[in-house]
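Take a look at the structure below.
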2 protein chains.
Amino acid sequence: MFEVIGERINTSRKLVQAAVAARDAAYIIDDVKKQQAAGANFIDVNAGARIGHEEEDMRWLLDTIQPISTVPLTLDSPDPAVLEMAFKMVEKTPMINSISLERDRFDAMMPFLEGKECKVIALCMDDAGMPGSAADILNRARELVKALNKIGIPTGSIYMDPLVQPISTDSNKGVMVLDAVRAIKAAFPEVHITGGLSNISYGLPQRHIINRTFVSLMMDAGMDSAIIDPLDAKIMATIRTADMLLSHDDYCMNYLKGVRAGAIVS
Amino acid sequence: MFEVIGERINTSRKLVQAAVAARDAAYIIDDVKKQQAAGANFIDVNAGARIGHEEEDMRWLLDTIQPISTVPLTLDSPDPAVLEMAFKMVEKTPMINSISLERDRFDAMMPFLEGKECKVIALCMDDAGMPGSAADILNRARELVKALNKIGIPTGSIYMDPLVQPISTDSNKGVMVLDAVRAIKAAFPEVHITGGLSNISYGLPQRHIINRTFVSLMMDAGMDSAIIDPLDAKIMATIRTADMLLSHDDYCMNYLKGVRAGAIVS
């Protein structure tokens, strides 16, 4: 089944930042409950936007969210000290967002991850920047799996992000990442594929139809998770529908449940 | 580029049947012009519903449509005599709808098709009924390609219809046909894949979102044509968007043209 990582609790969002600054717990609790009701399988928590306040903001957010969360949390920070604190605060096995092959991030994250029981988002990014081909993405994925396996993270706990790039700059960027996902799944059947989707439509008009058509293509290629806004009803409906069409929904039960809940509308 | 076969001129549609019975040319001309403006690449013409009138109705429809058609016609009849007449009336190389492996239809169509310059829709249907597996679909496609090649129809003129079946009766019917399309395209890269789509959602609520999510999955698998209503704006928008995402739209030109024309809305 497809796993939705709800992206809304991020202090780079204006209303969330205001709520965090004001310690408005009701706002945060309401948002998390809405994401869970809409079908989020993880709640991403990012407190990075208020410079100098990340550790205290993250602590407050986790204190606020932990008691009402029915799903695991995705701890979203580049700072191992913040992650160490956060890791001790959560009850369910968390997901860590993220490691990459960029030397600084890699060197900071590897000692933190070693020996931990967690899931981890691995970005196919290195110091040369964004990948330039499907083979390039696959090579980076291989390096990440190898490094993470070595410190005890099993392949099935890795959520690989192939890094979706805008099709407006190069018509082949869609096929490039679809081919990469297929190649990664062929090489590592147990690895999960995740990531943001909206980059695909950057620079083009009517972005929502591009994003939701793209998610169904990515799911066909092997994507089984995405970092999205679970309150975007149209993309959630497309995900439920594609999941059914791809045989991940016995007797169409989740689809029919979604229709009855009013969450899937033609 | 994806080819849309506009399905609206069919006397099994109530308003079309009334227009044909009344010899209301204006109605038919208006409908065909609308389909062409919406992006139809072929106009399907089916006069089969008024029993005993097929030949005269087909003749009148072609007399009416031929002068204003800017795209080729799809001659849709099981009767070789009707098709022989129709074939002589059209100016552009037509598409014939259809042959199958059902013994009666096969035996009737083969002598008609032999030596003709035309495209042909080939249904993966035989006297045992609907195919039961992806391998079954591929086997039937192989038989059809072999038979048609033998009478001079090149593979690139064959539009194979793998026969979409309802997912409500079996959750695997979506993946079955997707796998079959991939297998057919691997075996015969030049063959086109076409068909109706709406069978996939038969028996389920909110059918439109299923149909349009499914078309993008089918396109990813290799479908490059479909028999649909070009006036269904949402499915047409999904097709244009998926075509762009699959690298069939240089510089996103068709997509941007569609947005400017108001035909693609998020």
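Here is how names work: the chains are called A, B, and so on, in the same order as the sequence lines, proteins then strands, and each is numbered from 1.
Heavy atoms of B:Asp249 lying under 4.5 Å from chain A belong exclusively to its backbone. At a 4.5 Å heavy-atom cutoff, the contact between B:Met244 and chain A is made by backbone and side-chain atoms alike. The contact between A:Arg212 and chain B is made entirely by side chain atoms (from C-beta outward), counting heavy-atom distances below 4.5 Å. Interface remark: A:Tyr251 contributes backbone atoms only to the contact with chain B (heavy atom separation under 4.5 Å). Looking at A:Met176, neither its backbone nor its side chain comes within 4.5 Å of chain B, counting heavy atoms on both sides.
Among residues two or more places apart in sequence or in another chain, the side-chain hydrogen bond (donor to acceptor under 3.5 Å, both in side chains) test is passed with A:Asp30 by A:Lys34.
Residues of residues 119-146 of chain A never come within less than 4.5 angstrom of chain B, heavy atom to heavy atom. Contacts between residues 3-19 of chain A and chain B, defined by a heavy-atom separation under 4.5 Å, are made by no residue at all. Of all residues spanning residues 256-266 of chain A, those with a heavy atom less than 4.5 Å away from chain B's heavy atoms are A:Leu256, A:Val259, A:Ile264, A:Val265, A:Ser266, arranged by number.
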| request: Apply the test side-chain hydrogen bond (donor to acceptor under 3.5 Å, both in side chains) to residues B:Asn172 and A:Ser247: give CA-CA distance (whole Å), side-chain angles for both, the deciding distance (0.1 Å), then the verdict. | output: CA-CA 5 Å; B:Asn172 292 310; A:Ser247 286; 2.9 Å; yes

| message | Before you tell me yes or no, could you show the steps for A:Leu197 and A:Met223 under side chain to side chain contact (heavy atoms under 4.5 Å, CB included), namely the whole-Å CA-CA distance, both residues' side-chain angles and the distance that decides it to 0.1 Å? | response | CA-CA 11 Å; A:Leu197 296 159; A:Met223 179 179 242; 3.9 Å; yes

| request: Given side chain to side chain contact (heavy atoms under 4.5 Å, CB included), test B:Val177 with B:Phe214 step by step and report yes or no. | output: CA-CA 11 Å; B:Val177 73; B:Phe214 185 59; 3.6 Å; yes

| field | Working for side chain to side chain contact (heavy atoms under 4.5 Å, CB included), residues B:Met218 and B:Leu178 | value | CA-CA 6 Å; B:Met218 285 289 275; B:Leu178 290 166; 3.7 Å; yes

| query | Between A:Phe188 and A:Ile158, is a side chain to side chain contact (heavy atoms under 4.5 Å, CB included) present by the stated rule, with each step listed? | reply | CA-CA 10 Å; A:Phe188 306 104; A:Ile158 301 172; over 6 Å; no

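A side-chain donor-acceptor contact under 3.5 Å links A:His192 to the backbone of A:Gly156. At least one donor-acceptor pair under 3.5 Å links the side chain of B:Lys185 to the backbone N or O of B:Val191. A distance-only check finds no donor-acceptor pair linking the side chain of B:Asn199 to the backbone of B:Gln165 [under 3.5 Å]. Between the side chain of A:Arg240 and the main chain of A:Asn254, no donor-acceptor pair closer than 3.5 Å is present.
More than 12 heavy atoms of other residues, nucleotides or ligands sit less than 6.0 Å from atom NZ of A:Lys92.
Among B:Gln206, B:His208, B:Lys173, the residue with the largest count of heavy-atom pairs under 4.5 Å with chain A is B:Gln206. Most heavy-atom pairs under 4.5 Å with chain B: of the set A:Cys252, A:Ala221, A:Gly174, this distinction falls to A:Cys252. Contacts with chain B were tallied for A:Leu245, A:Leu217, A:Val215; A:Leu245 has the most, counting heavy-atom pairs under 4.5 Å. Between chain A and the residues B:Ser168, B:Pro205, B:Ala242, the most heavy-atom pairs under 4.5 angstrom are made by B:Pro205. Of the listed residues (A:Asp170, A:Leu246, A:Asp220), the one with the most heavy-atom contacts under 4.5 Å to chain B is A:Asp220.
To the nearest 0.5 angstrom, A:Asn149 atom CG is 4.0 Å from A:Thr155 atom OG1. Rounding to the nearest 0.5 Å places OG of B:Ser201 at 11.5 Å from CD1 of B:Ile209. From B:Thr238, atom OG1 reaches atom CG of B:Asn211 across 10.5 Å, with rounding to the nearest 0.5 Å. Here B:Ile43 contributes atom CD1 and B:Ser69 contributes atom OG; the two are 8.0 Å apart, rounded to the nearest 0.5 Å. Here the CG atom belonging to B:Asp243 is positioned 11.5 Å from the OG atom belonging to B:Ser216, to the nearest 0.5 angstrom. For the atom pair CG of A:Asp232 and OG of A:Ser198, the computed distance is 10.0 Å after rounding to the nearest 0.5 Å.
Between A:Tyr255 and B:Ile210 the shortest side-chain heavy-atom distance falls below 4.5 Å.
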